[in-house]
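Numbered from 1 within each chain, the chains take letters A, B, ... in sequence-line order.
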Amino acid sequence: MAMDDFFSQVYKVVVKIPCGRVTTYGAIASCLGSPGAARMVGWAMNASHTSSRYVPAHRVVNRNGLLTGKHHFDTPVAMQELLENEGIVVVNGQIANFKDCFWDPSSELSDK
DNA sequence: TAGCTGACGCCCT
DNA sequence: CAGGGCGCCAGCT
(Lines give C-alpha, C1' and ligand atoms only; values in the text may rest on other atoms or scores of the structure.)
Protein backbone atom coordinates (compact mmCIF):
# COMPACT_ATOMS: atom_id res chain seq x y z
CA MET A 1 0.00 0.00 0.00
CA ALA A 2 2.42 2.60 -1.17
CA MET A 3 -0.50 4.85 -1.96
CA ASP A 4 0.18 7.63 0.52
CA ASP A 5 -1.95 9.98 -1.53
CA PHE A 6 -4.62 11.87 0.31
CA PHE A 7 -7.20 10.13 -1.84
CA SER A 8 -6.10 6.66 -0.79
CA GLN A 9 -6.30 7.78 2.82
CA VAL A 10 -9.95 8.59 2.28
CA TYR A 11 -10.58 5.37 0.36
CA LYS A 12 -9.17 3.25 3.17
CA VAL A 13 -11.45 4.88 5.71
CA VAL A 14 -14.56 4.84 3.53
CA VAL A 15 -14.06 1.18 2.62
CA LYS A 16 -13.90 0.37 6.32
CA ILE A 17 -17.35 1.82 6.93
CA PRO A 18 -19.53 -1.00 8.31
CA CYS A 19 -22.66 -2.03 6.47
CA GLY A 20 -25.71 -0.01 7.45
CA ARG A 21 -23.54 2.82 8.71
CA VAL A 22 -22.57 6.20 7.25
CA THR A 23 -19.96 8.88 7.86
CA THR A 24 -19.33 12.51 7.00
CA TYR A 25 -16.70 14.31 4.94
CA GLY A 26 -15.54 16.28 7.97
CA ALA A 27 -15.17 13.15 10.07
CA ILE A 28 -12.90 11.59 7.46
CA ALA A 29 -10.94 14.81 6.92
CA SER A 30 -10.51 15.20 10.66
CA CYS A 31 -9.37 11.59 10.91
CA LEU A 32 -6.75 12.34 8.29
CA GLY A 33 -5.57 15.35 10.26
CA SER A 34 -7.18 18.13 8.22
CA PRO A 35 -10.63 19.08 9.56
CA GLY A 36 -10.93 21.85 6.99
CA ALA A 37 -10.09 19.58 4.10
CA ALA A 38 -13.63 18.22 3.98
CA ARG A 39 -13.88 19.52 0.40
CA MET A 40 -10.98 17.41 -0.55
CA VAL A 41 -12.75 14.30 0.75
CA GLY A 42 -15.56 15.00 -1.69
CA TRP A 43 -13.00 15.47 -4.41
CA ALA A 44 -11.50 12.11 -3.49
CA MET A 45 -14.94 10.55 -3.81
CA ASN A 46 -15.20 12.01 -7.28
CA ALA A 47 -11.95 10.25 -8.11
CA SER A 48 -13.05 7.14 -6.22
CA HIS A 49 -13.93 5.48 -9.52
CA THR A 50 -10.25 5.78 -10.43
CA SER A 51 -9.36 3.64 -7.42
CA SER A 52 -8.81 -0.06 -8.05
CA ARG A 53 -10.83 -0.63 -4.87
CA TYR A 54 -14.59 -0.21 -4.62
CA VAL A 55 -15.38 2.89 -2.57
CA PRO A 56 -18.89 3.01 -1.08
CA ALA A 57 -19.25 6.74 -1.63
CA HIS A 58 -22.97 6.37 -0.98
CA ARG A 59 -22.08 5.86 2.68
CA VAL A 60 -20.45 9.27 2.77
CA VAL A 61 -22.72 12.25 3.31
CA ASN A 62 -22.33 15.81 4.49
CA ARG A 63 -22.60 16.85 8.13
CA ASN A 64 -26.31 17.54 7.64
CA GLY A 65 -26.88 13.89 6.73
CA LEU A 66 -27.84 15.10 3.27
CA LEU A 67 -26.89 13.06 0.18
CA THR A 68 -25.03 15.94 -1.41
CA GLY A 69 -23.16 13.75 -3.88
CA LYS A 70 -26.14 11.75 -5.10
CA HIS A 71 -26.06 13.67 -8.38
CA HIS A 72 -22.56 12.34 -9.02
CA PHE A 73 -23.74 8.74 -9.13
CA ASP A 74 -24.92 6.95 -12.26
CA THR A 75 -28.41 7.95 -11.21
CA PRO A 76 -29.52 10.58 -8.65
CA VAL A 77 -31.44 7.88 -6.79
CA ALA A 78 -28.67 5.25 -6.79
CA MET A 79 -27.21 6.66 -3.59
CA GLN A 80 -30.52 6.61 -1.76
CA GLU A 81 -31.36 3.14 -3.06
CA LEU A 82 -28.01 1.80 -1.85
CA LEU A 83 -28.45 3.34 1.60
CA GLU A 84 -31.97 1.99 1.94
CA ASN A 85 -30.66 -1.37 0.75
CA GLU A 86 -28.37 -1.43 3.79
CA GLY A 87 -31.21 -0.61 6.15
CA ILE A 88 -30.59 3.13 6.34
CA VAL A 89 -33.73 5.24 6.30
CA VAL A 90 -33.49 8.03 3.73
CA VAL A 91 -36.18 10.69 3.47
CA ASN A 92 -36.17 13.47 0.90
CA GLY A 93 -32.53 12.69 0.08
CA GLN A 94 -31.67 12.98 3.76
CA ILE A 95 -30.90 10.30 6.34
CA ALA A 96 -33.71 10.10 8.91
CA ASN A 97 -31.75 8.27 11.62
CA PHE A 98 -28.50 9.89 10.59
CA LYS A 99 -27.11 10.15 14.12
CA ASP A 100 -28.26 6.59 14.76
CA CYS A 101 -26.30 5.12 11.83
CA PHE A 102 -23.46 7.63 11.97
CA TRP A 103 -20.03 5.99 12.05
CA ASP A 104 -17.12 8.02 13.36
CA PRO A 105 -13.76 6.82 11.90
CA SER A 106 -11.69 8.90 14.33
CA SER A 107 -13.47 7.02 17.12
CA GLU A 108 -14.47 3.57 15.86
CA LEU A 109 -11.42 3.16 13.64
CA SER A 110 -9.05 4.55 16.26
CA ASP A 111 -10.45 2.18 18.85
CA LYS A 112 -9.85 -0.82 16.61
C1' DT B 1 2.59 29.13 -15.35
C1' DA B 2 -1.17 30.81 -12.66
C1' DG B 3 -5.81 30.75 -11.21
C1' DC B 4 -10.30 28.62 -10.21
C1' DT B 5 -13.18 25.26 -8.91
C1' DG B 6 -14.72 21.45 -5.96
C1' DA B 7 -19.68 15.69 -3.40
C1' DC B 8 -17.74 20.70 3.13
C1' DG B 9 -17.13 22.53 7.81
C1' DC B 10 -16.75 25.77 11.33
C1' DC B 11 -16.37 30.58 13.06
C1' DC B 12 -17.93 35.20 13.05
C1' DT B 13 -21.31 38.96 12.42
C1' DC C 1 -31.99 32.34 15.21
C1' DA C 2 -30.00 33.13 10.47
C1' DG C 3 -26.77 34.37 6.95
C1' DG C 4 -22.18 35.12 5.10
C1' DG C 5 -17.24 34.41 4.80
C1' DC C 6 -13.01 32.05 5.22
C1' DG C 7 -10.07 27.86 5.41
C1' DC C 8 -8.22 23.02 3.50
C1' DC C 9 -5.44 20.44 -0.52
C1' DA C 10 -5.30 18.84 -4.99
C1' DG C 11 -6.66 18.39 -9.69
C1' DC C 12 -8.11 20.57 -13.99
C1' DT C 13 -8.40 24.41 -17.67
Side-chain angles (χ1 to χ4, degrees):
Chain A
M1 317 213 312
M3 298 181 181
D4 291 86
D5 295 297
F6 216 101
F7 286 17
S8 296
Q9 298 290 310
V10 179
Y11 301 150
K12 284 193 291 188
V13 177
V14 176
V15 169
K16 288 171 184 174
I17 299 173
C19 231
R21 292 284 187 279
V22 293
T23 188
T24 67
Y25 300 99
I28 297 168
S30 182
C31 186
L32 297 177
S34 297
R39 297 177 148 195
M40 198 194 178
V41 178
W43 195 258
M45 295 287 103
N46 190 8
S48 64
H49 83 102
T50 63
S51 179
S52 303
R53 212 86 177 172
Y54 169 65
V55 183
H58 62 272
R59 290 183 190 158
V60 184
V61 296
N62 68 356
R63 211 224 179 255
N64 296 303
L66 227 185
L67 284 59
T68 51
K70 66 183 182 186
H71 200 69
H72 280 263
F73 280 73
D74 293 335
T75 60
V77 293
M79 192 172 187
Q80 182 175 334
E81 290 290 292
L82 287 165
L83 289 170
E84 291 182 309
N85 185 28
E86 298 195 356
I88 299 170
V89 181
V90 181
V91 179
N92 191 20
Q94 183 177 354
I95 300 173
N97 298 319
F98 173 58
K99 67 178 185 63
D100 183 64
C101 56
F102 174 66
W103 180 77
D104 188 347
S106 60
S107 180
E108 303 296 304
L109 189 66
S110 181
D111 183 66
K112 296 276 301 196

Fill in the blank from the handout: Closest non-hydrogen atoms of Ala44(A) and Tyr11(A), given as atom of the first, atom of the second and distance, are O-OH, 3.2 Å
Practice task
Could you identify which residues of residues 60-69 of chain A place a heavy atom less than 4.0 Å from some atom of DNA chain C, listed by residue number, or say none?
Solution key: none
Exercise for the section: Take atom CD1 of Ile28(A) and atom C1' of dA10(C), then tell me their distance rounded to the nearest Å. Expected result: 16 Å
List, with names and distances, any nitrogen or oxygen atoms from the protein found under 3.5 Å away from nitrogen or oxygen atoms belonging to nucleotides 6-9 of chain C.
unit_1 : atom_1 : unit_2   : atom_2 : d
dG7(C) : O6     : Arg39(A) : NE     : 3.4
dG7(C) : O6     : Arg39(A) : NH2    : 2.7
dG7(C) : N2     : Gly36(A) : O      : 3.3
dC8(C) : O4'    : Gly36(A) : O      : 3.3
dC8(C) : O2     : Gly36(A) : O      : 2.7

Problem - Atom pair OG1 (Thr75(A)) and CD (Gln80(A)), whose distance is rounded to the nearest 0.5 Å - result: 10.5 Å
Practice task
Heavy atoms only: give me the nearest Pro76(A)-His71(A) pair and the separation to one decimal.
Solution key: CB-ND1, 4.5 Å
Problem - N/O donor-acceptor pair under 3.5 Å between Asn97(A) side chain and Cys101(A) backbone - result: no
Exercise for the section: Send over the distance from His72(A) NE2 to dG6(B) P, rounded to a whole Å. Expected result: 9 Å
Practice task
Please list residues of residues 80-103 of chain A whose heavy atoms come under 4.0 Å from any atom in DNA chain C, ordered by number; otherwise none.
Solution key: none
Handout entry: Closest approach of Ala27(A) to Phe102(A) (non-hydrogen atoms, all atoms of both residues)
Key = CB-CZ, 4.2 Å
Problem - Option from Val10(A), Val55(A), Thr23(A) for which side-chain contact (heavy atoms from CB on, under 4.5 Å) with Val60(A) holds - result: Thr23(A)
Handout entry: Within one Ile-Leu-Val-Met-Phe-Trp-Tyr cluster: Met45(A) and Ile28(A), side-chain cutoff 4.5 Å
Key = yes
Practice task
Determine the interatomic distance between C1' on dA7(B) and the same-named atom on dG3(C); round to the nearest Å.
Solution key: 23 Å
Problem - Pairs involving residues 29-56 of chain A, ordered by first then second residue, that meet salt bridge (Lys or Arg N to Asp or Glu O under 4.0 Å) (sequence neighbours left out) - result: none
Fill in the blank from the handout: All heavy atoms of Pro35(A) vs all of Gly33(A), minimum pair found to be CD-O, 3.6 Å
Problem - Transitive ILVMFWY side-chain link Ile88(A) to Phe98(A), under 4.5 Å - result: yes
Practice task
Would you check if the side chain of Asn62(A) reaches a backbone N or O of Asn64(A) as a donor-acceptor pair within less than 3.5 Å?
Solution key: yes
Completion exercise
Residue pairs passing the salt bridge (Lys or Arg N to Asp or Glu O under 4.0 Å) test with at least one member in residues 65-92 of chain A, sequence neighbours excluded, are Arg59(A)-Glu86(A)
Exercise for the section: Decide whether Phe73(A) and Ile95(A) are clustered together by the hydrophobic rule: side chain heavy atoms of Ile, Leu, Val, Met, Phe, Trp, Tyr closer than 4.5 Å, transitively. Expected result: yes
Review item, nucleotides 11-13 of chain C N/O atoms under 3.5 Å of protein N/O:
unit_1  : atom_1 : unit_2   : atom_2 : d
dG11(C) : O4'    : Trp43(A) : NE1    : 3.2

